[in-house]
Q: 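Sharing a structure with you now.
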Amino acid sequence: MLTHDELGIVHLVLNTDCNAWDLAPTTNSPGVCRFCYRERNRVNTDADTVRRVIDQLRSESAAHRCVFTGGDPVMPYDNHLEIALQHAAGVGFETNLHTNGILLSERYAGLRDHVTIYSLAVDGPNAETANWFRGQGYFERFLSNVEFLTTDQRRLAFNTFTTAGSVRDLPRLAQFIAGVAQRTDVEYWLISQYRPIGRANTRKAEIYGFERDHFVRAVDDVRDMVDGVDIYAQPTRAPEDQYPFRVWVLANGTVTADLGSVAAPRNEVLGDLLVDGFEPLVRRAFALREQTQLEGIS
């Protein structure tokens, strides 16, 4: 079995598409979620397979948390989200729903009792900035989500992307998050810079690219503004820099992993956990990552 230290968190992907694509860009916006790598949904599964995948994750690892991500898992179709959350919680996982929240209120009743933490995306302290990143009406929906989740005393987290311009707004966003943390539990705030990860795009670099040191200083400047909330910084990495190891499991059983190379065009596809087992595939990823590091040194 994989120990908790070896693998504490597993990312489960029910779909790779996202409902934010239907939002309209605002004036002078680069387009909705332009930092994202848009792709059609490539997960085809059923409820029984989802349960079997989660059971395999539980039986072969001591991971404490299952992160439901995508794309956006809160989609306007049946992607087995409610079933997956309920089953993951039932076998002992903490569940982290990573969502833009656009359709969260519509599906909340079926999700509420099975979600440990709601991670919401927000990229600025006001509609002007947040909607520039995400699309018309996004910030208003975000505020509504925060209000009903806070009133219901749910545990929250926040995810933020930055540009050279918006990174100056981090103090105001920190004030907002600090206010939320006074009303309900806020576990973490993840702040990211543009990360090309093998699919670099000149236009994206022009929009989001700025000095790594500038980003790191800006994040460090707000750490003391939000008491009791863990703040994580994800700066842009050069091709030779190592990327944090993460395992992604598609709900059809396909296992992929970040092997540390920013230059890789995609995550390494390791196999099908329902055929090959989960632990052997992850240990293969460990070996491949070590090999990649050694090749980088040589």
Q: Please answer whether the main-chain N or O of R155 pairs with a side-chain N or O of T184 as donor and acceptor at a distance below 3.5 Å.
A: no

Q: List the atom of V229, the atom of A181, and the distance in Å for their closest heavy-atom pair.
A: CG2-CB, 4.2 Å

Q: Please round to the nearest 0.5 Å and tell me the distance separating atom CZ of F93 and atom NE2 of H64.
A: 10.5 Å

Q: Hydrophobic cluster membership, with links at side-chain heavy-atom distances under 4.5 Å among I/L/V/M/F/W/Y: are V67 and V122 in one?
A: no

Q: Please report the closest heavy-atom contact between P125 and F139, naming both atoms and the distance.
A: O-CZ, 3.4 Å

Q: Just jot down the salt bridge (charged side-chain N to carboxylate O under 4.0 Å, His left out) partners of R52, sequence neighbours excluded, or say none.
A: none

Q: Given side chains that start at C-beta, do those of L97 and I117 come closer than 4.5 Å, heavy atoms only?
A: no

Q: Would T254 and N252 count as having a side-chain donor-acceptor pair, cut-off 3.5 Å?
A: yes

Q: Could you pull out all residues at least two apart from E6 that satisfy salt bridge (charged side-chain N to carboxylate O under 4.0 Å, His left out)?
A: R283

Q: Output yes when E147 and R183 qualify as a salt bridge under the 4.0 Å nitrogen-oxygen rule, no when they do not.
A: yes

Q: Tell me if a side-chain donor or acceptor on T116 pairs with a main-chain N or O of T95 at a distance below 3.5 Å.
A: yes

Q: What are the two closest heavy atoms between G70 and P73, and how far apart are they?
A: N-CD, 4.4 Å

Q: Rounded to the nearest 0.5 Å, what separates atom CG in L190 from atom CD in E187?
A: 12.0 Å

Q: Do F215 and P235 come within less than 4.5 Å of each other through their side chains, counting heavy atoms only?
A: yes

Q: Is any side-chain heavy atom of F68 less than 4.5 Å from a side-chain heavy atom of V74?
A: no

Q: Evaluate the side-chain proximity of R51 to I83: yes if any heavy-atom separation is below 4.5 Å, no if none is.
A: yes

Q: Side chains of Q234 and S192: is there a donor and an acceptor less than 3.5 Å apart?
A: yes

Q: Do E60 and Q56 have side-chain atoms, one donor and one acceptor, less than 3.5 Å apart?
A: yes

Q: So for atom CG, which belongs to N44, do other residues, nucleotides or ligands contribute more than 12 heavy atoms lying within a distance under 6.0 Å?
A: no

Q: Check this for me: does any side-chain nitrogen of one of R172 and D169 sit under 4.0 Å from a carboxylate oxygen of the other?
A: yes

Q: Taking only residues two or more places apart in sequence or in another chain, which ones pass salt bridge (charged side-chain N to carboxylate O under 4.0 Å, His left out) with D78?
A: none

Q: With sequence neighbours excluded, tell me which residues meet salt bridge (charged side-chain N to carboxylate O under 4.0 Å, His left out) with R112.
A: D152

Q: Classify the ring geometry between F142 and Y138 as parallel (under 30°), tilted (30 to 60°) or perpendicular (over 60°).
A: parallel

Q: Please tabulate, one pair per line, all N/O donor-acceptor pairs under 3.5 Å involving side-chain atoms of residues 219-228, not counting sequence neighbours.
A:
from	atom 1	to	atom 2	distance (Å)
D220	OD1	R223	NE	2.9
R223	NH1	I231	O	2.7

Q: Is there a side chain to side chain contact (heavy atoms under 4.5 Å, CB included) between F278 and V247? Walk through the geometry before answering.
A: CA-CA 10 Å; F278 182 56; V247 171; 3.9 Å; yes

Q: Flag the pair R154 / V115 as yes when at least one side-chain heavy-atom distance between them is below 4.5 Å, and no otherwise.
A: no

Q: Write down the atom of A20, the atom of I102, and the distance for their closest heavy-atom approach.
A: CA-CD1, 3.7 Å

Q: Measure the spacing between CZ of R65 and CG of L12 and express it to the nearest 0.5 Å.
A: 14.5 Å

Q: Would you confirm whether R58, through its side chain, and A63, through its main-chain N or O, come within 3.5 Å as a donor-acceptor pair?
A: yes

Q: How long is the straight-line distance from OG1 of T69 back to CG of N96, given to the nearest 0.5 Å?
A: 8.5 Å

Q: So, does R107 use its side chain to make a donor-acceptor pair with the main chain of P76 at under 3.5 Å?
A: no

Q: Are V216 and Y232 linked, directly or through intermediate hydrophobic residues, by side-chain heavy-atom contacts shorter than 4.5 Å (ILVMFWY only)?
A: no

Q: Do W132 and T163 have side chains that approach each other closer than 4.5 Å (heavy atoms only, starting at C-beta)?
A: yes

Q: Any donor-acceptor pair under 3.5 Å linking the side-chain atoms of T49 with those of D46?
A: yes

Q: Given 3.5 Å as the limit, does a donor-acceptor pair link the side chain of N126 with the main chain of T129, or not?
A: yes

Q: Please find the pair of heavy atoms, one from R141 and one from S105, that lie closest to each other, and give the distance.
A: NH1-OG, 4.5 Å

Q: Is the side chain of T99 donor-acceptor paired with the backbone N or O of D72 at a distance under 3.5 Å, no angle test?
A: no

Q: Would a distance-only check, ignoring hydrogens and angles, find a side-chain to backbone donor-acceptor pair under 3.5 Å from S166 to T162?
A: no

Q: Please set out all donor-acceptor pairs under 3.5 angstrom arising from side-chain atoms of residues 268-276, sequence neighbours excluded.
A:
from	atom 1	to	atom 2	distance (Å)
D272	OD1	L274	N	2.9
D276	OD2	D272	N	3.1

Q: Grab the two heavy atoms, one from A251 and one from V43, that are nearest each other, plus how far apart they are.
A: N-CG1, 3.9 Å

Q: Are V91 and L2 connected in the hydrophobic side-chain network, where two residues link if heavy atoms are under 4.5 Å apart?
A: yes

Q: Would Y118 and F158 satisfy side chain to side chain contact (heavy atoms under 4.5 Å, CB included), going step by step from the backbone distance to the final call?
A: CA-CA 8 Å; Y118 297 83; F158 298 98; over 6 Å; no

Q: Return yes when atom CD of E140 has more than 12 non-hydrogen atoms of other residues, nucleotides or ligands closer than 6.0 Å, and no otherwise.
A: yes

Q: How many angstroms lie between atom CD of Q193 and atom CD of E211, to the nearest 0.5 angstrom?
A: 8.5 Å

Q: Might you work through the side chain to side chain contact (heavy atoms under 4.5 Å, CB included) test for V50 and H87, ending with a clear yes or no?
A: CA-CA 9 Å; V50 172; H87 195 72; over 6 Å; no

Q: Could you tell me if the side chain of L23 sits less than 4.5 Å from the side chain of Q136, heavy atoms only?
A: no

Q: If two hydrophobic side chains count as joined below 4.5 Å and joins carry through other members, does F286 share a cluster with L281?
A: yes

Q: So if you build clusters from Ile, Leu, Val, Met, Phe, Trp, Tyr with side-chain heavy-atom gaps below 4.5 Å, do F245 and V249 land together?
A: yes

Q: Is there a donor in the side chain of N159 and an acceptor in the side chain of Y188, or the other way round, less than 3.5 Å apart?
A: no

Q: Taking the side chain as C-beta and beyond, is there a heavy-atom pair between Y77 and D17 under 4.5 Å?
A: yes

Q: Stepwise, does the side chain to side chain contact (heavy atoms under 4.5 Å, CB included) test hold for N19 with N100?
A: CA-CA 9 Å; N19 54 49; N100 59 39; 3.1 Å; yes

